[in-house]
Novice: 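After the C-alpha cells below, expect a handful of questions from me.
The sequence lines fix the lettering, A, B, ..., with proteins before strands; numbering per chain opens at 1.
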Number of protein chains: 2
Amino acid sequence: MNSQKSPQTVRNREETRRRLIQAVGALLSEHGFTALGVNAVARQAGVDKVLIYRYFGGLSGLMAAFGREGDFWPSMDELAGGDIEAFAQLPLEEKVAQFAYHFVDAIQRRPLTQEIMAWEMVERNDLTVELETIRETMMLRFIEMFFPEMQPRIDMQALSAIFGAAISYLVCRSRHIRYYSGVDLQSDAGWERLKKAMELIVRGIMAQLN
Amino acid sequence: MNSQKSPQTVRNREETRRRLIQAVGALLSEHGFTALGVNAVARQAGVDKVLIYRYFGGLSGLMAAFGREGDFWPSMDELAGGDIEAFAQLPLEEKVAQFAYHFVDAIQRRPLTQEIMAWEMVERNDLTVELETIRETMMLRFIEMFFPEMQPRIDMQALSAIFGAAISYLVCRSRHIRYYSGVDLQSDAGWERLKKAMELIVRGIMAQLN
DNA sequence: TATTGTTGTCACTCGATAGTGACAATAGAT
DNA sequence: ATCTATTGTCACTATCGAGTGACAACAATA
C-alpha cells in the first residue's frame, strides 16, 4: 500500500521535483483523485511533504506542473490516425467516422485522462483547467483544419461537441458500470454497437449535404 | 453557512428521519457531494449525528433512504412531454427529437441529479446505484414502448446511449465550464445550436429507414 | 578547513472527520 | 404520579488532513 521511503541517495532538487510530479500520476491512476493530497503524494514519492510547498508552492502548483508534463490528450496526429496527409484525402464521411473511432481509442488508452475527466465533473483546478485548454484548442483546430468546407452548412462544432461528449461520458462511465441503455460498455461487442450507431449518424448527416 | 440547530420542538422519530433525509438533499445541491459527511448532514439537519447511526445504520443507509424518496429522474410521462397519448401519435422523427429535448430540459431542471451524475463518474455508492437502476429501467422501457418498430433495423439502444450520454455530459459540464468545442454551454443560444445538431442527426437517421 | 546556502527530516499545531458510550429529557403507558 | 422505553444531547477517542518552524545533513564555495 505505502511505498517505503527509500531515503534520498543524492540530494538533488530536480530529481525530487520529478519524483513528486511522477507520484501525482501514479496516485491518480492507482487510487483516483480523491486520494490525492499533500500527505499522500509525499508518501508516494518517498519525500517529505514540505518540499511540495518549497518547490511548487503547494499541491495546486504541483498539479499545474504535472499538467504541463503530461500526455493526457491525443494529438492532432493521433486523432487523424497517424498519417495526417492520408487522412486529409479521405472522403468527408470517412473522415468523420475515423475521427470518432480514433477518439474512442485515444481516450480508452488513457486511464489518467479518464480520471481527470471524471474530476472535471466535480471541480475546477489547475489540472482540469490545463486539460480543458488543451482539448478546446485541439478540437477547434481539428475542425478548422479538416472540415472547413462544411462549416457554413453544418454546425461542426455542435456536432463534434455531441460526439465528444458522448464518447467521453461513455468511456468514463465504463469504469464503474457495465450497462448503459442496454449497451455493455465493458465489452468490445458493446463498443462495436456504439461505433455502428455513430456510423449511422455520420452517414445520415452526410446524406443531407447533397 | 451553518444552520443553527433549532433544538427539536417535539421529539419525533419520523420527523427527525425526514429532517436528515432532507438535509442530504440540501447539502448535495448547495455544496456538492464532497461536502457530504455524517457531521455535515447532522449539522444541516440541526440534529445529533448519532441519530444517523441509530435510524439509518450510517451515512450509507441514509443515502439509500434519500435515494428512495427522491425525484431525480424524469418519468416516462415527463420524457414524453406530459401527454403520452399525444406523444405516441407523433411521427417517428418527431418522437425522437422531442424525446431528446425533453431529456435536456429534465436534466437541466434537476441540479440534484446533475450532482449525482457527477458523483457517478467518481464512485459507486447506494445513491448512485439507485439512480443507475432507475435510469436503466426507464430508458429501456421507453425505447421498448415507443420505438419497437425500429428495433430490428436500427439499434435504438446504442443510439439513445449516445444521445443520453452526450446530453448528460454537456449539462453536467456546463456547471463548471462555459465553452465545449466552441459551443457556449451556459447560454440558450448554445443549447439551441446543440438542439439543431441533434435534429440534424435524427433527420439523417430517419432518412435511412426508407 | 571553515562558511554558507541548499536540501531534506522531524515534530508539532490546528482543524475536521467517523464513530461510540454515558447520560438527560421526554412521551406514553400503567 | 410513576415507570420505562424512546428520543436526543454531550463529551470523548482515534485518525487523518494541511500547513509550519526548527533543525540536521550536505555540497559548493572561499
Novice: Which listed nucleotide (dT20(C), dT9(D), dG19(D)) is nearest to the side chain of Tyr53(A)?
Specialist: dG19(D)

Novice: Pick from Lys196(B), Arg193(B), Lys195(B): which one makes a salt bridge (charged side-chain N to carboxylate O under 4.0 Å, His left out) with Asp155(A)?
Specialist: Arg193(B)

Novice: If you only use heavy atoms from C-beta on, which nucleotide in dC10(D), dG19(C), dT9(C) is closest to the side chain of Asp48(B)?
Specialist: dC10(D)

Novice: Could you give the CD1-to-P distance, from Ile52(A) to dG17(D), as a whole number of Å?
Specialist: 12 Å

Novice: Which residues satisfy the salt bridge (charged side-chain N to carboxylate O under 4.0 Å, His left out) test with Asp71(B), sequence neighbours excluded?
Specialist: Arg110(B)

Novice: Under a plain distance cut-off of 3.5 Å, with no hydrogens placed, do Gln44(A) and Arg19(A) share a side-chain donor-acceptor pair?
Specialist: no

Novice: Whole angstroms only, please: what is the CG-C1' distance between Leu51(B) and dT9(D)?
Specialist: 9 Å

Novice: Just how far, in rounded Å, is C1' of dT9(D) from CZ of Arg19(B)?
Specialist: 14 Å

Novice: Check whether any side-chain nitrogen or oxygen of Thr16(A) sits under 4.0 Å from OP1 or OP2 of dG8(C), and answer yes or no.
Specialist: yes

Novice: Please report, rounded to the nearest Å, how far the P atom of dT9(C) is from the CZ atom of Arg13(A).
Specialist: 15 Å

Novice: Taking the minimum atom-to-atom distance to the side chain of Lys49(B), which one of dG19(C), dA18(D), dG8(D) wins?
Specialist: dG19(C)

Novice: For each nucleotide in nucleotides 22-28 of chain D, reading 5' to 3', give B when a protein heavy atom comes within less than 4.0 Å of its base, S when such contact involves only the sugar-phosphate, and - otherwise.
Specialist: ---BS--

Novice: If you apply the rule ring pair (Phe, Tyr, Trp, His ring centres under 6.0 Å), what do you find for Phe146(A) with Phe87(A), and how did you get there?
Specialist: CA-CA 9 Å; Phe146(A) 294 113; Phe87(A) 182 82; 4.8 Å; yes

Novice: May I ask you to check whether over 12 heavy atoms, not counting those of Gln22(A), lie within 6.0 Å of atom CD?
Specialist: no

Novice: Rounded off to whole Å, could you give me the CG-to-P distance for the Asn39(A) and dA18(D) pair?
Specialist: 5 Å

Novice: May I ask you to check whether Glu14(A) and Tyr55(A) show a side-chain donor-acceptor distance below 3.5 Å?
Specialist: no

Novice: Rounded to whole Å, how long is the line connecting atom CD of Glu15(B) with atom C1' of dA27(C)?
Specialist: 16 Å

Novice: According to a strict under-4.0 Å criterion, is Asn12(A) in side-chain N/O contact with OP1 or OP2 of dT7(C)?
Specialist: no

